[in-house]
Amino acid sequence: MSIHNNEIANMFDELADLLEIEGSNRFRVRAYRNAARTIRKHTKKMAQLIEQHRDLTELPDIGNDLADKIKTIVETGQLPLLEKVHSRTPATLSQIMKIRGLGPKRVKALHESLKIKTLDDLKHAANSGRIRELEGFGKKTEQMIKMRTEEFSEAEKRIKLIEAEEIATSLREYIKKSRGIKDFNIAGSYRRRKDTIGDLDILVTAGKNTDVMQRFVTYDRVREVLSQRETRSTIRLRTGLSVDLRVIPEKSYGAALHYFTGSKAHNIAVRKLALKKKIKINEYGVFKGEKRIAGNTEKEVYAQVGLPYIEPELRENRGEVDAAKRGKLPELINLEDIRGDLHCHTGATDGKNTLKEMAQAAAKRGYEYISINDHSKHMAVASGLGEKKLLEQIETIDKLNETLEDIVILKSIEVDILQDGSLDLPARVLKELDFTVGAVHSNFNLSRSQQTKRLLHAMDNPYFNILAHPTGRLINARKAYEVDLEKIMQGAKERGCFIELNAHPARLDLTDDACLMAKHTGLNIVISTDAHRTSDLDFMPYGINQARRAWLEAGDVINCLPLKKLKKTLSRK
DNA sequence: GCCGTTTTCGGCCCGACTGTTTTCAGTCG
């Protein structure tokens with residue numbers, strides 16, 4: 001199996017860390033980090049590009065030297081320069097550098113003076129009080145290292161967007177009760193609607209006599225106040241999440257919102273553009289020389305560099321600045337574009353509500369249609385439906401449809417894809433359905449090629465329509481199974497099948513990168529909630545967020561189609 | 001090590017905070 005982009009990127013990041021510790025040219029170090037980011041974000045595998053004799057120097061931040069190095073890694077699995085550096089500087093120092101507050105200079109000092117190589121060494125040195133003796137270090141730094149070393153694993157963890165939202169909602173309510181609060185927004189990856197969140201960055205504008213900062217640091221869910229200043233404070237909540245609050249002058253609100261929304265890579269791209277126009281953008285505004293020329297709104301900031309407003313979900317430096325320049329930004333999909341949910345369960349298997357309740361809940365959300373996709377018999381734990389029970393459900397739906405006025409229930413199933421790629425129910429019953437959704441619920445550990453073959457074989461079945469949660473990942477709980485997504489997408493397109501973006505906030509499967517890959521492949525997707533109860537239908541916005549991050553427009557998503565067109569699209573005949 | 005509407009050399013995003021100093025280096029976002 002060929003090497004993953006992530007592994008290549010990790011090698012370059014580690015090399016950058018170690019070179020930085022050694023005191024190498026900082027722009028050379030940055031070049032490796034930039035390259036790592038480019039490689040990590042790229043939707044196609046480097047191995048494949050090389051196989052196709054593509055010129056890697058066409059990628060941003062990749063020049064002749066790095067193209068050669070990537071080739072060497074793909075061919076040999078190793079990076080000779082990294083091996084060479086390892087002989088001088090232990091690889092584990094790169095781990096230590098991930099501790100907040102420890103950068104290359106301090107790690108170097110710790111290594112040279114105290115022979116610290118590992119996290120364990122560091123912990124012992126801090127506990128024995130040797131670190132405070134070093135020049136440039138002191139009591140507080142030692143204390144900080146002690147604490148951060150202990151909570152290292154916790155700080156590293158990103159939480160699911162939905163978890164962040166629950167926390168953010170309470171915080172918003174609490175903070176908005178402060179005196180004189182005007183604007184309130186949460187910037188960062190939360191505003192970019194990333195599937196996971198590392199911390200919260202809250203921005204507010206407030207009148208002179210506001211007590212917002214005092215209220216913030218005394219919030220009852222605070223475990224620790226990490227820093228407290230007049231305009232900026234940081235707290236750590238009992239859940240471990242760290243939260244920043246900044247009080248911003250009104251005239252800088254747009255500039256600050258832009259700055260703190262990021263992503264970092266997007267900001268750098270925009271600021272580079274500003275440099276060319278001889279203007280400067282920072283979190284206070286846009287400046288020409290000393291003169292402030294904009295900053296009240298984000299729109300103003302973009303306008304100064306000749307760009308239209310760019311939606312937060314797009315701000316990942318994945319080509320959005322260039323597209324904006326050329327007036328080619330996508331018209332992103334909205335919740336209102338969705339006309340139905342195509343993956344829902346009922347109490348017939350592991351759902352909680354009846355057919356009628358699900359249908360009514362969908363109608364209430366303004367949908368034209370909803371499909372019922374209960375599990376098939378192989379999912380015994382979910383009391384999956386066998387042939388007989390499914391036929392009964394079909395009959396019930398037909399009868400129910402006659403009585404429902406403003407919604408149509410589509411007859412479907414979430415049929416198990418068995419290990420050999422065959423489907424869990426025979427064609428004679430599948431053909432009675434409007435369409436099918438196929439899914440993997442077992443044998444996650446097949447090899448990449450076996451798993452790919454399995455899924456392609458499943459799609460060979462003429463009654464297969466949509467591949468549900470295509471990688472099986474559960475955020476922070478279960479890794480995606482190994483599968484060649486590009487082949488799956490190509491295969492789906494050739495066969496007239498589609499793939500699902502599962503909007504369940506614990507899944508969000510496909511990732512944004514994978515959705516982008518689907519778009520590039522020309523394969524349309526379905527955004528479904530996998531609802532197991534009526535309230536789960538409200539997961540749809542999470543799917544929409546993810547889709548927007550992948551540049552998807554209503555035309556890329558088939559459950560934006562009216563019923564008649566949807567049926568025609570799903571038909572493989 | 002990359003890159004070019006200041007184009008093959010000489011730049012590389014920008015400012016704030018922290019802890020250590022006594023004017024600043026290191027780190028972060």
Side-chain angles (χ1 to χ4, degrees), chain A residues 12-13 15-17 19-21 23-39 56-70 79 81 96-110 131-145 147-148 155 187-190 192 198-203 226-234 242-244 246-248 252 255-256 258-287 301 305-306 317 321 325:
Chain A
F12 285 141
D13 270 334
L15 181 59
D17 286 349
L19 286 176
E20 199 175 22
I21 291 168
S24 178
N25 178 303
R26 63 200 178 100
F27 297 110
R28 183 181 174 215
V29 169
R30 189 185 295 174
Y32 283 119
R33 295 222 168 94
N34 290 342
R37 198 168 47 215
T38 297
I39 294 165
L56 297 183
T57 63
E58 281 171 14
L59 299 175
D61 303 314
I62 308 289
N64 286 328
D65 180 89
L66 279 165
D68 278 348
K69 287 193 167 82
I70 294 169
L79 175 56
L81 177 59
I96 295 183
M97 237 178 81
K98 296 205 165 45
I99 291 180
R100 219 156 53 89
L102 291 187
K105 300 288 161 59
R106 284 177 176 160
V107 170
K108 185 182 190 190
L110 290 166
I131 289 176
R132 71 180 73 173
E133 311 289 334
L134 293 182
E135 199 186 326
F137 290 75
K139 227 175 171 177
K140 280 199 169 173
T141 308
E142 184 178 85
Q143 206 53 42
M144 180 271 294
I145 290 173
M147 205 179 77
R148 302 263 162 83
S189 50
Y190 184 86
R192 302 201 309 280
D199 59 9
L200 292 178
D201 295 300
I202 302 176
L203 306 183
L226 296 174
S227 78
Q228 182 181 1
R229 313 272 297 193
E230 208 175 308
T231 59
R232 177 192 170 180
S233 296
T234 307
S242 97
V243 184
D244 250 35
R246 288 180 166 83
V247 183
I248 309 289
S252 304
H258 179 253
Y259 183 88
F260 292 110
T261 296
S263 68
K264 193 174 168 180
H266 172 83
N267 286 356
I268 289 173
V270 172
R271 260 182 259 164
K272 274 185 180 167
L273 216 54
L275 268 188
K276 280 186 198 156
K277 293 187 183 291
K278 300 204 197 274
I279 55 181
K280 190 176 72 173
I281 298 178
N282 60 28
E283 61 262 53
Y284 303 109
V286 184
F287 296 86
V301 175
V305 286
N317 198 28
V321 173
K325 233 189 294 184

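Within every chain, numbering begins at 1; the chains are lettered A, B, ... in the order of the sequence lines, protein sequences first and strands thereafter. This structure is a prediction, so every number in the text was calculated from the model and none was measured.
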Please state whether the phosphate of B/dT18, meaning OP1 or OP2, lies under 4.0 angstrom from any side-chain nitrogen or oxygen of A/Thr141.
no
Distance between the C1' atoms of B/dC17 and B/dT21, in whole angstroms?
15 Å
Can you list the residues that meet the side chain to side chain contact (heavy atoms under 4.5 Å, CB included) rule with A/Thr57, with sequence neighbours excluded?
A/Asp55, A/Asn64, A/Ala67
A/Arg246 has an atom CZ; how far is it from atom P of B/dC17, in whole Å?
9 Å
Identify, with sequence neighbours excluded, every residue that meets side chain to side chain contact (heavy atoms under 4.5 Å, CB included) alongside A/Ala255.
A/Val301
How far does the P atom of B/dT20 sit from the matching atom of B/dT27, given to the nearest Å?
13 Å
Presence of A/Ser227 side-chain N/O under 4.0 Å of B/dT18 phosphate oxygens OP1/OP2
yes
What nitrogen or oxygen pairs link the protein and nucleotides 1-3 of chain B at under 3.5 Å?
from  : atom 1 : to      : atom 2 : distance (Å)
B/dG1 : OP1    : A/Tyr32 : OH     : 3.2
B/dG1 : OP1    : A/Lys69 : NZ     : 3.4
B/dC2 : OP1    : A/Gly63 : N      : 2.7
B/dC2 : OP1    : A/Gly63 : O      : 3.4
B/dC2 : OP1    : A/Leu66 : N      : 3.1
B/dC3 : OP1    : A/Asp61 : N      : 2.6

Suppose you measure atom C1' in B/dG15 against the same atom in B/dC9; what distance do you get, rounded to whole Å?
28 Å
Specify the separation, in whole Å, of atom CG of A/Leu226 and atom C1' of B/dG29.
15 Å
With sequence neighbours left out, what residues match A/Glu283 under salt bridge (charged side-chain N to carboxylate O under 4.0 Å, His left out)?
none
Spacing of A/Ile21 atom CD1 relative to B/dT27 atom P, expressed in whole Å
10 Å
Sorted by chain and number, sequence neighbours left out, side chain to side chain contact (heavy atoms under 4.5 Å, CB included) with A/Gln228 holds for A/Gln214, A/Val217, A/Val225, A/Ser233
Please determine if a side-chain N or O atom of A/Asn282 lies less than 4.0 Å away from the OP1 or OP2 oxygen of B/dG15.
yes
In whole angstroms, the gap separating C1' of B/dG29 from CD1 of A/Ile248 amounts to 13 Å
Heavy-atom closest pair (A/Asn317 atom, A/His266 atom, distance to 0.1 Å) is CB-N, 3.9 Å
Paired with B/dC17: which nucleotide, if any, by Watson-Crick or G-U wobble criteria at under 3.5 Å for both distances?
B/dG26
Checking all strands, does A/Lys140 fall into the base, sugar-phosphate, or nothing category for heavy-atom contacts under 4.0 angstrom?
sugar-phosphate
Measure CZ/A/Arg30 against P/B/dG10 and give the value in whole Å, please.
19 Å
Can you find a pair of side-chain heavy atoms, one from A/Phe12 and one from A/Leu66, that are under 4.5 Å apart?
yes
Which residue lies more 5' along DNA chain B, comparing A/Gly138 with A/Lys264 via nearest heavy atoms:
A/Lys264
Taking B/dA16 as the reference, what is the distance to B/dG11 when you measure between their P atoms (whole Å, please)?
24 Å
Euclidean distance, atom NZ of residue A/Lys108 to atom C1' of B/dA25 [Å, nearest integer]:
14 Å
Of B/dA16, B/dT5, B/dC14, the nucleotide closest to the side chain of A/Lys276 is B/dT5
d(NZ, A/Lys139; P, B/dT21) in whole Å
14 Å
Please list, chain by chain and in numerical order, all residues satisfying side chain to side chain contact (heavy atoms under 4.5 Å, CB included) with A/Leu275, sequence neighbours excluded.
none
Test: A/Arg33 and A/Asp17 ion pair at under 4.0 Å:
yes
Whole-Å P distance, B/dT6 and B/dC12:
15 Å
On a whole-Å scale, what distance lies between the C1' atoms belonging to B/dC2 and B/dT8?
12 Å
Using 0.5 Å steps for rounding, measure from the NZ atom of A/Lys108 to the CG atom of A/Leu102.
15.5 Å
Could you tell me whether the phosphate oxygens of B/dT18, OP1 or OP2, come under 4.0 Å of any side-chain nitrogen or oxygen in A/Arg229?
yes
Please report the distance, rounded to the nearest Å, between NZ in A/Lys280 and C1' in B/dG15.
9 Å
Answer yes or no: side-chain N or O of A/Tyr259 and base N or O of B/dG29 forming a donor-acceptor pair under 3.5 Å.
yes
First of A/Lys272 and A/Gly101 reached from the 5' end of DNA chain B, by closest nucleotide:
A/Lys272
